Amino acid sequence: MLHRIATRQISLLTTRRGVIGLSSRYYTTTASSSPSQILSSRRLDDNILLKSELEKIISSSPHEYVIVDVRNPQEVEQTGLIATANTIPLYELSEALNLDAVSFKDKYGFSKFKPDDKIIYYCKSGVRSAQACALTKANGFTNVINYKGSAKEWFGL
């Protein structure tokens with residue numbers, strides 16, 4: 001049996017000067033969606049991931065996605081990382097996106113993602129991960145997802 005889940009997304013529309021408005025969209029997903037369908041079934045603007053979807057990705061296809069925690073190192077120390085995740089603090093992300101592949105791997109310990117890689121960001125409560133998504137999209141990356149529940153939901157903070 002398929003269960004349809006309707007979710008409302010409210011996004012901040014931002015520029016370099018700050019917030020300029022809000023955008024609201026609805027999307028549906030099914031409880032039986034495969035991990036590869038999660039990205040392809042939604043428009044790019046609607047890429048907010050549910051906890052159940054992230055659990056499915058981690059358990060069935062972890063190497064198809066790059067999961068990045070954008071919290072500060074002190075926050076990561078308190079809870080650790082979600083399984084298979086890497087960390088780049090938000091305040092370093094702009095610089096990280098512009099590093100060459102060798103420098104990126106030396107600094108962060110994992111291979112630099114490519115513009116068409118499937119990237120999932122999370123933070124403590126979803127605000128910084130939304131900023132990371134916007135920044136990454138602005139740098140030409142196309143498959144960027146926000147796990148809005150973030151560490152607060154995952155670790156029960």
Side-chain angles (χ1 to χ4, degrees), residues 7 9-16 18-19 23 25 27 29-30 33-155 157:
T7 304
Q9 169 193 350
I10 298 175
S11 302
L12 293 177
L13 303 175
T14 61
T15 67
R16 291 182 185 191
V19 175
S23 170
R25 294 204 168 96
Y27 66 87
T29 186
T30 61
S33 296
S34 72
S36 61
Q37 291 172 324
I38 291 168
L39 277 178
S40 62
S41 67
R42 300 185 191 158
R43 293 191 337 225
L44 189 59
D45 292 345
D46 295 339
N47 281 339
I48 291 184
L49 202 61
L50 303 174
K51 182 178 181 182
S52 60
E53 294 170 327
L54 183 56
E55 290 170 333
K56 187 177 270 191
I57 286 168
I58 291 169
S59 67
S60 62
S61 57
H63 301 296
E64 289 183 30
Y65 296 81
V66 179
I67 303 173
V68 181
D69 186 332
V70 293
R71 294 179 295 160
N72 298 326
Q74 299 83 355
E75 293 173 291
V76 173
E77 285 177 20
Q78 292 175 356
T79 62
L81 296 168
I82 291 174
T84 75
N86 300 287
T87 184
I88 301 173
L90 180 62
Y91 59 83
E92 293 181 13
L93 185 59
S94 182
E95 177 189 341
L97 293 171
N98 292 300
L99 289 174
D100 63 82
V102 172
S103 299
F104 184 96
K105 185 157 187 159
D106 287 346
K107 184 166 185 169
Y108 298 104
F110 66 101
S111 296
K112 184 178 180 182
F113 30 87
K114 298 171 186 66
D116 59 344
D117 283 348
K118 299 169 187 171
I119 306 163
I120 300 169
Y121 285 111
Y122 74 95
C123 60
K124 182 177 180 181
S125 63
V127 175
R128 286 174 286 176
S129 56
Q131 293 171 340
C133 288
L135 177 62
T136 305
K137 288 177 189 177
N139 276 275
F141 292 78
T142 56
N143 295 316
V144 183
I145 303 173
N146 181 13
Y147 169 43
K148 189 176 179 180
S150 285
K152 198 171 199 177
E153 178 181 55
W154 192 269
F155 298 109
L157 302 177

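Since this is a predicted model, take the numbers as computed values, not measurements.
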Worksheet item: Does NZ in K152 sit with more than 12 non-hydrogen atoms of other residues, nucleotides or ligands closer than 6.0 Å?
Response: no
Item to complete: Could you tell me whether K114 atom NZ has more than 12 heavy atoms of other residues or ligands within 6.0 Å of it?
Response: no
Worksheet item: Tell me, which pairs form a side chain to side chain donor-acceptor pair (under 3.5 Å) where one or both residues lie in residues 95-107, sequence neighbours left out?
Response: D100-S103
Discussion item. Tell me which pairs pass side chain to side chain donor-acceptor pair (under 3.5 Å) where either residue lies in residues 120-129, with sequence neighbours left out.
Written reply: D69-Y122, E75-R128, Y121-T136, S129-N146
Between [atom1] on residue [X] and [atom2] on residue [Y], distance to nearest 0.5 Å:
X: E153; Y: L50; atom1: CD; atom2: CG; value: 8.0 Å
X: I57; Y: I82; atom1: CD1; atom2: CD1; value: 11.0 Å
X: F141; Y: C133; atom1: CZ; atom2: SG; value: 12.0 Å

Practice prompt. Could you tell me whether a side-chain N or O of K112 sits under 3.5 Å from a main-chain N or O of L99, the two making a donor and an acceptor?
Written response: yes
Item to complete: Determine, step by step, whether L93 and V68 satisfy the side chain to side chain contact (heavy atoms under 4.5 Å, CB included) criterion, reporting the C-alpha distance in whole Å, the side-chain angles of both residues, the deciding distance to 0.1 Å, and the verdict.
Response: CA-CA 10 Å; L93 185 59; V68 181; 5.7 Å; no
What I'd like to find out is whether the side chain of [X] reaches to under 4.5 Å of the side chain of [Y], using heavy atoms alone.
X: Y65; Y: N143; result: no
X: K51; Y: Y147; result: yes
X: L54; Y: W154; result: yes
X: I58; Y: I67; result: yes

[X]: side-chain hydrogen bond (donor to acceptor under 3.5 Å, both in side chains) partners, not counting sequence neighbours:
X: T79; value: R71
X: E55; value: none
X: Q78; value: none

Worksheet entry | Which residues share a ring pair (Phe, Tyr, Trp, His ring centres under 6.0 Å) with F110, sequence neighbours left out | F104
Identify the heavy atoms of [X] and [Y] that sit nearest to each other, and give their distance.
X: I88; Y: A96; result: CG2-CB, 4.1 Å
X: V76; Y: L81; result: CG1-CD2, 3.7 Å
X: T87; Y: Y108; result: O-CD2, 3.8 Å

Fill in: Evaluation steps, side chain to side chain contact (heavy atoms under 4.5 Å, CB included), between L97 and F113
CA-CA 9 Å; L97 293 171; F113 30 87; 3.5 Å; yes
